[in-house]
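Below is one structure, written out as structure tokens; the observations come after it.
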Amino acid sequence: MQDSDFWEIVETSAQADISSHCGAISSRLENCTANEITGFADTLAEHLFRLDLKVLADTPVKGETSGSGRPVPQSEDGFLYARCAVILTGRDTYREIVSNPEGIDFSPYTTDDAVVAEELLEAAPTAFKKVTGAEWDHIEPFDYETGSNEDGWP
């Protein structure tokens with residue numbers, strides 16, 4: 001899938017809340033071929049991989065402090081969901097963060113609301129099953145788990 005097609009699906013599926021946005025993306029993907037759906041998943045994985053940067057992962061969870069008053073660090077899963085939240089905000093925000101990660105306030109993406117952005121990871125598998133009737137067994141070419149981008153974790 002072309003990058004422009006990926007962003008067109010993400011941006012034209014925007015809804016008032018994150019869960020509805022993810023559902024709208026999955027619905028849009030249900031009108032695609034199996035190859036287009038896997039292409040969407042591959043592009044998503046690449047963008048999540050490119051956002052896998054220690055400087056962003058080191059951003060504490062917004063509005064959270066420990067019992068001793070210290071900022072709460074993001075968990076590995078929380079950081080993945082924060083990156084999903086960035087994708088849902090669209091191409092311009094994504095490009096701004098990737099091009100200048102040190103100069104960005106990443107904290108808005110670390111809130112409890114961002115946890116719902118995890119649903120973005122299920123959009124392609126859900127649509128694939130509806131379109132093909134088959135289980136999702138596709139492996140994306142980019143590993144997007146936290147810490148996978150070696151260049152982003154010096």
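All values below were derived from every heavy atom in this structure, side-chain atoms included, with hydrogens, water molecules and symmetry-related copies excluded. Note that this is a predicted model, so its numbers are computed, not measured. Nothing fancy with the numbering, it's 1 onward along the sequence.
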Would Tyr81 and Tyr109 satisfy side chain to side chain contact (heavy atoms under 4.5 Å, CB included), going step by step from the backbone distance to the final call? CA-CA 8 Å; Tyr81 308 152; Tyr109 307 102; over 6 Å; no
Stepwise ring-ring contact (aromatic ring centres under 6.0 Å, His included) test for His138 and Phe128: CA-CA 10 Å; His138 179 71; Phe128 185 85; 8.1 Å; no
For Glu135 and Lys129, run side chain to side chain contact (heavy atoms under 4.5 Å, CB included): C-alpha distance rounded to whole Å, both residues' side-chain angles, the deciding distance at 0.1 Å, then the answer. CA-CA 6 Å; Glu135 292 297 322; Lys129 181 162 179 117; 2.2 Å; yes
Evaluation steps, ring-ring contact (aromatic ring centres under 6.0 Å, His included), between Phe6 and Phe40: CA-CA 6 Å; Phe6 170 85; Phe40 179 91; 4.7 Å; yes
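The heavy-atom pair separating Cys84 from Ala117 by the smallest distance is CB-O, 3.4 Å. Between Val55 and Pro101, the closest heavy-atom pair is CG1-CB, 3.7 Å. Looking at every heavy atom in both residues, Met1 comes nearest to Gly39 through CB-C, 3.7 Å. Scanning all heavy atoms of the two residues, the minimum distance from Glu30 to Val131 falls at O-CG2, 3.4 Å.
In this structure, Arg83 contributes its side chain and Leu51 its backbone to no donor-acceptor pair below 3.5 Å. Between the side chain of Glu11 and the backbone N or O of Arg91 there is at least one donor-acceptor pair closer than 3.5 Å. A donor-acceptor pair under 3.5 Å is absent between the side-chain atoms of Ser20 and the main chain of Asp17, judged by distance alone. At distances below 3.5 Å, at least one donor-acceptor pair connects side-chain atoms of Gln74 with backbone N or O atoms of Thr59. Thr89 contributes no side-chain N or O that, together with a main-chain N or O of Thr93, makes up a donor-acceptor pair within less than 3.5 Å. Ser13 contributes no side-chain N or O that, together with a main-chain N or O of Val10, makes up a donor-acceptor pair within less than 3.5 Å. Distance alone, capped at 3.5 Å, is enough to place a donor-acceptor pair between the Thr38 side chain and the Asn35 backbone.
Annotation: the span from Thr126 atom OG1 to Leu121 atom CG amounts to 10.5 Å, rounded to 0.5 Å. Atoms CD and OG, from Glu122 and Ser26 in turn, are 9.5 Å apart once rounded to the nearest 0.5 Å. Rounded to the nearest 0.5 angstrom, Glu119 CD and Ile25 CD1 are separated by 10.5 Å. Leu48 contributes atom CG, which lies 9.5 Å from atom CD of Glu140 (distance to the nearest 0.5 angstrom). Atom CD of residue Glu150 and atom CG of residue Asp143 lie 10.0 Å apart, to the nearest 0.5 angstrom. Of the inter-residue distances, the one linking His21 atom NE2 with Leu88 atom CG reads 5.0 Å to the nearest 0.5 angstrom.
Of the candidates Val98, Leu56, Ile97, Val86 forms a side chain to side chain contact (heavy atoms under 4.5 Å, CB included) with just one, namely Ile97. Of the residues listed (Asp52, Leu80, Leu44, Asn149), the one engaging Tyr144 in a side chain to side chain contact (heavy atoms under 4.5 Å, CB included) is Leu80, and it is the only one.
With no hydrogens or angles considered, a side-chain donor-acceptor pair links Asp105 and Ser107 at under 3.5 Å.
Put simply, the side chain of Val61 does not reach to within 4.5 Å of the side chain of Thr111, judged on heavy atoms. Leu120 places a side-chain heavy atom less than 4.5 Å from the side chain of Cys22. Looking at heavy atoms from C-beta onward, Ile37 lies in side-chain contact with Trp136 at the 4.5 angstrom threshold. Proximity of Trp153 to Thr146: side-chain heavy atoms (C-beta onward) are separated by under 4.5 Å at one or more points.
Note on ring orientation: taking the six-membered ring where Trp is involved, the planes of Phe79 and Phe106 are perpendicular (angle over 60°, cut-offs 30° and 60°). Between Phe49 and Phe142, the two ring planes are tilted [angle within 30° to 60°].
A salt bridge links Glu8 with Arg28: the distance from a Lys NZ or Arg NE/NH1/NH2 to an Asp or Glu carboxylate oxygen falls below 4.0 Å.
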